[in-house]
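One structure is given here, and the rest of the page talks about it.
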Amino acid sequence: MDIYFEEKFMQLMEEKNLDTVVLMGHINPDGDAVGSVMGLAHYIKVNYPQYKVFPYLGKNMDKGAAKMVQKDRVFAPFKMPELSEGRYGVIVCDTATLKRLVGLEFYENAAASMVIDHHVSNEGFGDINITKKAVACAENIYYLLDQDRLQKAAREECPTAADYIYMGILHDTGCFTRNGISTMEAMTGLLKLGVKHEYVMETMHNDTLEILEKRARLLQRVECVLDGKVAYICMNRQESMEENISYADLHSMSPILCACEDIGLAFIMYEEETRWHCSFRSKPGWLDVNKLLEPFGGGGHAEAAGLRVKVKDITEMREKILERVQEIANNIAFN
Ligand SMILES: [Mn+2]
């Protein structure tokens, strides 16, 4: 990336003479949202001590990412800071649409805003919007940052800016299942700054025997359609309550199913209190799930995307989505 963060950050803070910056990400923050927000917060704290920095993360944080945040002695990212309206700037990371932003009121009352993202579906909001397609938002952040300043931040006590950025990339690549040269170069660069791979890997190991047993039960509920190429699990409120299955439990099934050799597309549908929350995964080059979900109001990436809908019965919606899968799949080879 050739736009340096420093230049844009100065523009954000100096044009309106601000002294505080709030960093935010998407709801149900995953490893990349946490890594991006916290990594950038540490970087700014170390290199721009003239500004007050507040990372703000929502509830239901990814369990692995939460382990790193718990060890953080510098920031407690759940506290809502006291802010005076129009006196601070915001940086939004890893968030494609304002609907998915945690702390929208902070965004709306900010004097200036900057967005750093990697979703192709990004709406282009914010005074400054830096969106570039990449496997992780944290990878974009790595390439935007000044290397000498990042090195300085990496000398602090663990977890540092570099640890968080490494975690963001590690999580969004599914532990290097999807990555190219730029991703590996970023990771190598971060290792050279002192990141310990095994330290960050701890955030990837969160399964317990109980979780595996739940997954075994969920496997019994898998439906296979379209010549067995598409697998899904659907759970209404009553079923999930009876079997004590959370959204996170079910959500973890789509990458597992999609990794199967004989499956091209996997999705889950989970009924929450007022709406259905669905998550789709596809094999690279098989079917673009961002495009698939567009007419239904969902989106994300080509290989991972989500959808939230307020309907009582999801059957009709699922049928429509599967029809569209077939339509799109008619133009691609089913193999
Ligand atoms: Mn991400």
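Note that the numbering runs from 1 along the sequence shown for the chain. All ligand and atom numbering here is 1-based and tracks the order in the structure.
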What is the name of the N/O/S atom in D172 that sits closest to the Mn ion (ligand 1)?
OD2
What N/O/S atom of D32 is the closest to the Mn ion (ligand 1)?
OD2
Cationic N near anionic O, under 4.0 Å, E316 to K320
yes
Check whether any N, O or S atom of D94, backbone or side chain, sits closer than 2.8 Å to the Mn ion (ligand 1).
yes
Assert yes or no for the condition that the ring centre distance of F9 to Y48 is strictly below 6.0 Å.
yes
Mind checking ring-ring contact (aromatic ring centres under 6.0 Å, His included) for H171 and listing every partner two or more places apart, or none if nothing turns up?
none
For the Mn ion (ligand 1), does an N/O/S atom of H118 lie at less than 2.8 Å?
yes
Please, which pairs that meet side chain to side chain donor-acceptor pair (under 3.5 Å) have at least one residue in residues 183-195, sequence neighbours excluded?
E139-T183
